[in-house]
Amino acid sequence: MPSPRVSRAANNSANPMNKLEFMSLLTNRTNASDPVSVRHRTSDSPVHRKDSFNATSSTASQQQQQQQQQLPEEDCMKLNPSFLDIALSSLLAVDLWLTKKMGVCAREGSSWGSARPLMKLVEISGHGIPWIAGSLYCLYKSDSSAGREVILNLLFALLLDLVLVGIVKGIVKRRRPVHNRMDMFATFSVDKYSFPSGHATRAAMVSRFMLNHLVLAVPVRILVMLWAILVSLSRVMLGRHNVTDVAFGFFMGHMQYGLIEYFWLSPSTLPALFRM
Ligand SMILES: CC(C)=CCC/C(C)=C/CC/C(C)=C/COP(=O)(O)O
């Protein structure tokens with residue numbers, strides 16, 4: 001009397017339909033674009049390969065042949081990484097190393113932990129809420145049409161910044177550094193992601209905006225530039241961001257300013273907005 005396990009195995013080999021079912025499960029579950037699953041399928045045991053030749057389904061064996069043809073190319077890419085692969089991995093390694101080294105205010109117990117409250121004040125100075133609320137207040141108080149035009153465009157820039165940063169964060173989905181403590185005030189759900197730094201985009205964009213549209217004395221102009229640099233630096237020091245998040249954010253902020261200049265809202269382009 002054969003054991004139940006032996007009789008099931010004997011049944012499987014006797015019934016070709018069981019093999020077909022197994023094959024179709026494999027081809028349905030695995031994803032052709034996923035290199036791991038492709039490798040699993042193609043480097044399956046010899047028994048599996050023998051099965052594919054026995055299978056009556058021609059589409060299944062065609063798929064397997066295609067996948068086997070893909071394998072050497074994938075392995076070549078891994079064995080011979082391109083210059084771009086090497087450059088990107090090196091950049092990432094330097095980024096992570098520098099981020100860890102510069103996160104000196106990430107915790108109270110960090111080497112510059114006592115400066116954390118001050119850095120958090122700098123963080124608030126670059127937050128979206130004070131800038132949007134301040135612009136709305138100035139717009140309400142402004143009595144000249146030239147002043148209203150500038151403030152309206154600043155408001156437009158701040159809202160555009162929130163939207164663009166949210167979109168890029170949602171696409172890239174890069175996690176914040178492991179040493180970051182998520183104790184930021186007023187955040188959106190995408191702010192759990194770190195690329196790019198919204199504070200850096202805002203600081204770069206707002207500082208360029210102020211330098212180009214406000215009449216400021218030289219010391220104040222220098223202060224504005226220093227503020228933008230300090231806000232950006234503080235993101236890495238607080239452990240909120242990787243260095244590349246801030247560098248890209250700063251660049252993106254400059255680009256956003258270019259967009260605002262290009263789509264500048266004026267009484268001639270948008271008369272309805274200025275009739276209020
Ligand atoms: C009026 C209105 C919709 C205000 C929303 C302002 C707000 C909650 C902005 C989020 C600012 C923020 C926490 C950005 C994250 O900055 P990272 O530098 O950490 O990316």
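Quick caveat: nothing in here was measured; it's all calculated off a predicted structure. Counting convention: from 1, in listed order, for ligands and their atoms alike.
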S.K.: Which protein heavy atom lies closest to atom 17 (P) of ligand 1, and at what distance to 0.1 Å?
M.R.: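 Ranking protein heavy atoms by distance from atom 17 (P) of ligand 1, first comes His241 NE2, 3.1 Å.
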S.K.: Closer than 4.0 Å to some heavy atom of Arg176 - which atoms of ligand 1 meet that?
M.R.: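 Within the 4.0 Å cut-off of Arg176, ligand 1 contributes 17 (P), 19 (O), 20 (O).
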S.K.: Can you measure from CE (Met182) to OG1 (Thr187) and round to the nearest 0.5 angstrom?
M.R.: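 The OG1 atom of Thr187 is 5.0 Å from CE of Met182, to the nearest 0.5 Å.
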S.K.: Once you measure the plane-to-plane angle for His127 and Phe185, does it fall in the parallel (<30°), tilted (30-60°) or perpendicular (>60°) bin?
M.R.: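 Tilted, since the angle between the ring planes falls between 30° and 60°.
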S.K.: Quick one: do Arg235 and Asp245 make a salt bridge, cutoff under 4.0 Å?
M.R.: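 No, no charged N to carboxylate O under 4.0 Å.
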S.K.: Return the residue, atom name and 0.1 Å-rounded distance of the protein heavy atom closest to atom 5 (C) of ligand 1.
M.R.: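 Its nearest protein heavy-atom neighbour is Phe188 CZ, 3.6 Å.
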S.K.: Would you call Arg116-Glu123 a salt bridge at under 4.0 Å N-O?
M.R.: no
S.K.: Which pair of heavy atoms, one from Thr201 and one from Gly198, lies closest together, and at what distance?
M.R.: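 That would be OG1-O, 2.8 Å.
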S.K.: Pull out every atom of ligand 1 sitting under 4.0 Å from any heavy atom of Thr187, numbered as shown with elements.
M.R.: 13 (C)
S.K.: Give the numbers and elements of all ligand 1 atoms closer than 4.0 Å to a heavy atom of Gly198.
M.R.: 16 (O), 17 (P), 18 (O), 20 (O)
S.K.: Kindly indicate, with the supporting measurements, whether the criterion salt bridge (charged side-chain N to carboxylate O under 4.0 Å, His left out) is fulfilled by Asp143 and Arg148.
M.R.: CA-CA 7 Å; Asp143 48 11; Arg148 267 205 303 278; over 6 Å; no
S.K.: Say whether Arg240 and ligand 1 are in contact under the criterion: heavy-atom distance to a ligand atom below 4.0 Å.
M.R.: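 Not so, Arg240 does not reach ligand 1.
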S.K.: Go through ligand 1 atom by atom and flag the ones less than 4.0 Å from a non-hydrogen atom of Met184.
M.R.: 13 (C), 15 (C), 19 (O)
S.K.: With a 4.0 Å heavy-atom cut-off (strictly under), which part of Glu123 contacts ligand 1: side chain, backbone, both or neither?
M.R.: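 The answer is neither; Glu123 stays 4.0 Å or more away.
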S.K.: Any idea which of Ile129, Asp245, Asn180, Ile124 brings a heavy atom closest to atom 6 (C) of ligand 1?
M.R.: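 It is Ile129 whose heavy atom sits nearest to atom 6 (C) of ligand 1.
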S.K.: How many angstroms lie between atom CE of Met252 and atom CG of Asp161, to the nearest 0.5 angstrom?
M.R.: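 Answer for the CE-CG pair, Met252 versus Asp161, is 7.0 Å.
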S.K.: Counting heavy atoms only, which part of Lys192 comes closer than 4.0 Å to ligand 1: side chain, backbone, both or neither?
M.R.: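 No part of Lys192 is near ligand 1 at this cut-off.
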S.K.: Quick one: do Arg174 and Asp95 make a salt bridge, cutoff under 4.0 Å?
M.R.: yes
S.K.: Hey, is the main chain of Arg240 close enough, under 3.5 Å, to the side chain of Arg176 for a donor-acceptor pair?
M.R.: yes
S.K.: Any atoms of ligand 1 less than 4.0 Å from a non-hydrogen atom of Lys169? List them with their elements.
M.R.: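 Atoms satisfying the 4.0 Å criterion: 15 (C), 17 (P), 20 (O).
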S.K.: What atoms of ligand 1 come within less than 4.0 Å of a heavy atom belonging to Arg235?
M.R.: 17 (P), 18 (O), 19 (O)
S.K.: Run down the list Ala186, Ser197, Gly166, Ser232 and name the one with the heavy atom closest to atom 10 (C) of ligand 1.
M.R.: Ala186
S.K.: What atoms of ligand 1 come within less than 4.0 Å of a heavy atom belonging to Arg202?
M.R.: 11 (C), 14 (C)
S.K.: What protein heavy atom sits nearest atom 15 (C) of ligand 1, and how far off is it?
M.R.: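 Atom 15 (C) of ligand 1 sits closest to the protein heavy atom Asp191 OD1, 3.5 Å.
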S.K.: What's the shortest distance from atom 4 (C) of ligand 1 to any protein heavy atom, and which residue and atom give it?
M.R.: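 Result for atom 4 (C) of ligand 1: Ile132 CD1, 4.0 Å.
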S.K.: Which pair of non-hydrogen atoms, one from Lys169 and one from Pro196, has the smallest distance, and what is that distance?
M.R.: CE-O, 3.1 Å
